[in-house]
Participant: 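Here it is, the structure, as structure tokens.
Heavy-atom basis, side chains included; hydrogens, waters and symmetry copies ignored. Note on naming: letters A, B, ... go to the chains in the order of the sequence lines (proteins, then strands), and numbering restarts at 1 for each one.
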There are 2 protein chains.
Amino acid sequence: MLTPERHRVILQMIKEKPHVKLQEFVDATGASESTIRRDLTQLEEKKFLKRVHGGAERLQRKLLEPSMAEKSSKNLHEKVMIAKYAASLVEEGDSIYLDAGSTVREMIQFLPEKDIVVVTNGLMHIQLLLEKGIECYLIGGYVKQKTNAIIGRGAIESLEQYRFDKCFLGVNGVHHHYGYTTPDQEEAMVKQKALSLAAEAFILADSSKFSEVSFAKIAGLDAATILTNQLDEELHIQYNSKTDIKVVTS
Amino acid sequence: MLTPERHRVILQMIKEKPHVKLQEFVDATGASESTIRRDLTQLEEKKFLKRVHGGAERLQRKLLEPSMAEKSSKNLHEKVMIAKYAASLVEEGDSIYLDAGSTVREMIQFLPEKDIVVVTNGLMHIQLLLEKGIECYLIGGYVKQKTNAIIGRGAIESLEQYRFDKCFLGVNGVHHHYGYTTPDQEEAMVKQKALSLAAEAFILADSSKFSEVSFAKIAGLDAATILTNQLDEELHIQYNSKTDIKVVTS
DNA sequence: TCAAAAATCAATCACTTTCATTCAAAACCA
DNA sequence: TGGTTTTGAATGAAAGTGATTGATTTTTGA
């Protein structure tokens, strides 16, 4: 088995399961322990995984990470619904900020094509935006390998060049007491900054995000309007007392 | 079996299976190991596949990668030669600036993987850099659709956050009187700025760029060292009186 | 809590495979 | 025929592999 092929197998396994034992790699590839060790060392150097005693683990440790399958299909429909509504809020002449992330990404296909300016920290959005012929600006800064997002001190400084009519953010947790949270401190700071530069801010959060708390706080609930697709009567009232909330139903 | 036919067979095999061992090609074509190696080398140069130890693998088109309008392979070979030498100038611990553009892009594969920091305005470089595990920063600014480069006032401001040990630029024209030139005024300004922030600057210019003049001036010849692959005796003397020049021969 | 036992690790070595280079024979072309 | 290109074999160099060793870490159990 060729080296890159083994690497691919290893990465695939680590993608499916956050912790994999060395022996499992050996069984899956047929290579020797030594070889797998070498592979893991290389892959760690390239920041694709983290070696731990006994094997390797996935690098991105998002608290409450939904499984890949879950992310793709059912959740996707929710995301699209929310994204479509969010996009409808954008008017010609607006300058908007689009956060990195999959939910926000779904907005792009629904954006008006004429006369809007988009600023983003998400490299993954650029291609789509350009294809639609939308004028777009990237903020500068460190490129985070795992998410292809731009973060860091430079990103925050870079953001300060801009002001936004509207700002659209994805988050990992929405909590009535702890506000909006996300697993990465640096990303949280970028979101925070973007939020502070916008006249109106919107949080795109599907139903799975509610009552969740992740590591780093972005802001209190009142700093933005929540867009979601489904919410218990009870929760709705609870959150609505703190901030605006729009439940998209179709 | 004729060369083009072998190439077809090889490409077909790599199309069906992402990893193919050298021996499999030998069996499939009846040619010798040597011949297959030569074929693979050629096909790699034309960017149809990637050689790996023991065989070859399919290369998947990267996000934001320049379109497949590949230049003639001779021109490409020149670029690779120059790029390889340029990359050898980068030492561990350096922080470098990589300009957007195809020649500079070829440098990435030859860069040392350890302990360097890369700043760039070329979106097309990011994926490759990340894959190699290189720490990279993007400057902020307007995303130019045609070239996937970041330009504009924001780019220049964004650049000012950084200082470089070395700076590598591509240009369209090198002229003994008009210096380094490029067709886009905005890009020229970004290059100019990057150049001014670097302790050492290098221009990567294949032979076709000499004595050419494009629209926007970046700097005079003496502002950077020229790296090229071929130059008449006469021209060499002429340019060498103005700046350092390195002719890469292998 | 501590120390023995077990598991895992990094480092190294010998071995195998693969590689680039060279060169002469073969094929091709005019 | 003479000259060029392509080919395959031979060479030593380079890279990858798997086993072994002793060190390190984790687990076990008293």
Side-chain angles (χ1 to χ4, degrees), chain A residues 1-11 13-14 17-59, chain B residues 1-11 13-14 17-59 72-74 76-78 80-81 83-85 87-88 106 109-115 131-133 229 248-250:
Chain A
M1 190 182 268
L2 265 36
T3 309
E5 196 173 352
R6 268 200 324 274
H7 285 197
R8 208 171 285 195
V9 170
I10 290 174
L11 289 177
M13 290 174 73
I14 211 75
K17 227 172 53 161
H19 301 270
V20 182
K21 285 205 261 296
L22 187 120
Q23 193 54 46
E24 298 181 59
F25 291 130
V26 172
D27 294 342
T29 60
S32 73
E33 226 176 86
S34 298
T35 301
I36 297 294
R37 281 186 208 291
R38 272 186 283 260
D39 288 341
L40 293 181
T41 307
Q42 289 170 27
L43 291 170
E44 179 173 43
E45 268 177 12
K46 292 187 179 175
K47 304 187 180 71
F48 285 118
L49 48 76
K50 178 166 164 51
R51 292 193 65 179
V52 294
H53 196 88
E57 68 179 9
R58 198 184 296 164
L59 203 50
Chain B
M1 190 182 272
L2 266 38
T3 309
E5 191 175 353
R6 271 202 320 275
H7 284 198
R8 253 202 311 280
V9 171
I10 291 174
L11 289 177
M13 289 174 74
I14 211 76
K17 226 171 54 159
H19 305 268
V20 183
K21 288 205 250 298
L22 187 116
Q23 193 54 47
E24 298 182 58
F25 290 129
V26 172
D27 294 343
T29 59
S32 73
E33 224 176 86
S34 300
T35 302
I36 297 295
R37 281 187 207 292
R38 273 187 281 259
D39 289 341
L40 293 182
T41 307
Q42 289 171 25
L43 291 170
E44 179 174 43
E45 265 193 2
K46 292 185 184 166
K47 301 275 158 83
F48 286 120
L49 49 76
K50 178 168 163 52
R51 292 194 66 180
V52 297
H53 196 89
E57 70 177 348
R58 188 192 301 162
L59 51 79
S72 74
S73 79
K74 176 159 168 287
L76 182 69
H77 185 68
E78 292 188 4
V80 173
M81 256 170 52
K84 188 169 183 177
Y85 178 78
S88 75
E106 297 296 334
Q109 58 186 311
F110 302 114
L111 285 175
E113 308 196 358
K114 296 245 174 98
D115 196 27
E131 269 175 24
K132 281 199 60 137
N229 67 309
V248 187
T249 49
S250 62

Participant: More 5' along DNA chain D: B:Met1 or B:His53, using each one's nearest nucleotide?
Facilitator: B:Met1
Participant: Have a look at A:Val52 and say if it touches a base, only the backbone sugar-phosphate, or nothing, with a 4.0 Å heavy-atom cut-off.
Facilitator: sugar-phosphate
Participant: Ignoring backbone atoms, establish whether B:Ser32 has a side-chain N or O less than 4.0 Å from OP1 or OP2 of D:dA9.
Facilitator: no
Participant: Over how many whole Å does the gap from A:Glu24 atom CD to C:dT8 atom C1' extend?
Facilitator: 15 Å
Participant: Whole Å only: how far is the NZ atom of B:Lys21 from the P atom of C:dC19?
Facilitator: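 Atom NZ in B:Lys21 sits about 12 Å away from atom P in C:dC19.
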Participant: List the atom of A:Pro4, the atom of B:Val52, and the distance in Å for their closest heavy-atom pair.
Facilitator: CG-CG1, 3.6 Å
Participant: In whole angstrom, give the distance that lies between atom CG of B:Leu40 and atom C1' of C:dA20.
Facilitator: 13 Å
Participant: Could you measure the distance from the CD1 atom of A:Ile36 to the NZ atom of A:Lys21? Nearest 0.5 Å is fine.
Facilitator: 15.0 Å
Participant: Looking at C:dT12, I'd like to know if its phosphate oxygens (OP1 or OP2) sit under 4.0 Å from a side-chain N or O belonging to A:Arg38.
Facilitator: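 Result: no.
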Participant: How many Å lie between CD on A:Glu33 and C1' on D:dG16, as a whole number?
Facilitator: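 Taking atom C1' of D:dG16 as the reference, CD of A:Glu33 is at 17 Å.
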Participant: Would you say C:dC9 has OP1 or OP2 under 4.0 Å from some side-chain N or O of A:Arg37?
Facilitator: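 For C:dC9, OP1 or OP2 has a side-chain N or O of A:Arg37 closer than 4.0 Å.
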Participant: When you measure from the side-chain N and O atoms of B:Arg6 to the phosphate of D:dT7, is any distance below 4.0 Å, counting only OP1 and OP2?
Facilitator: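 Answer yes for this pair, as a side-chain N or O of B:Arg6 is under 4.0 Å from OP1 or OP2.
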Participant: Going by side chain to side chain donor-acceptor pair (under 3.5 Å), A:Glu57 matches just one of A:Lys50, A:His19, A:Arg51. Which one?
Facilitator: A:His19
Participant: Under 4.0 Å between a side-chain N or O of B:Ser34 and OP1 or OP2 of D:dG8?
Facilitator: no
Participant: Mind listing the closest non-hydrogen atom pair of B:Lys84 and B:Phe110 along with its distance?
Facilitator: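 For B:Lys84 and B:Phe110, the tightest heavy-atom pair comes out as CA-CD1, 3.6 Å.
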Participant: In this structure, how many angstroms lie between the P atom of D:dG16 and the CD1 atom of A:Ile36, rounded?
Facilitator: 15 Å
Participant: Distance check needed: C:dA20 C1' versus B:Asp39 CG, whole Å only.
Facilitator: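 Nearest whole value for this atom pair: 15 Å.
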Participant: Report the distance from atom CG of B:Leu2 to atom P of C:dA27, rounded to the nearest whole Å.
Facilitator: 13 Å
Participant: Using a heavy-atom cut-off of under 4.0 Å over every strand shown, decide if A:Thr3 touches base, sugar-phosphate, or nothing.
Facilitator: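 Sugar-phosphate contact only - A:Thr3 comes under 4.0 Å of backbone atoms but never of a base.
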Participant: Please say whether more than 12 non-hydrogen atoms of neighbouring residues, nucleotides or ligands are located less than 6.0 Å from NZ in B:Lys132.
Facilitator: yes
Participant: Nearest-nucleotide wise, let me know which of B:Ala31 and A:Thr35 is further upstream toward the 5' end of DNA chain D.
Facilitator: B:Ala31
Participant: Could you tell me how far apart B:Gln23 (CD) and C:dC19 (P) are, to the nearest whole angstrom?
Facilitator: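 About 11 Å, once rounded to whole Å.
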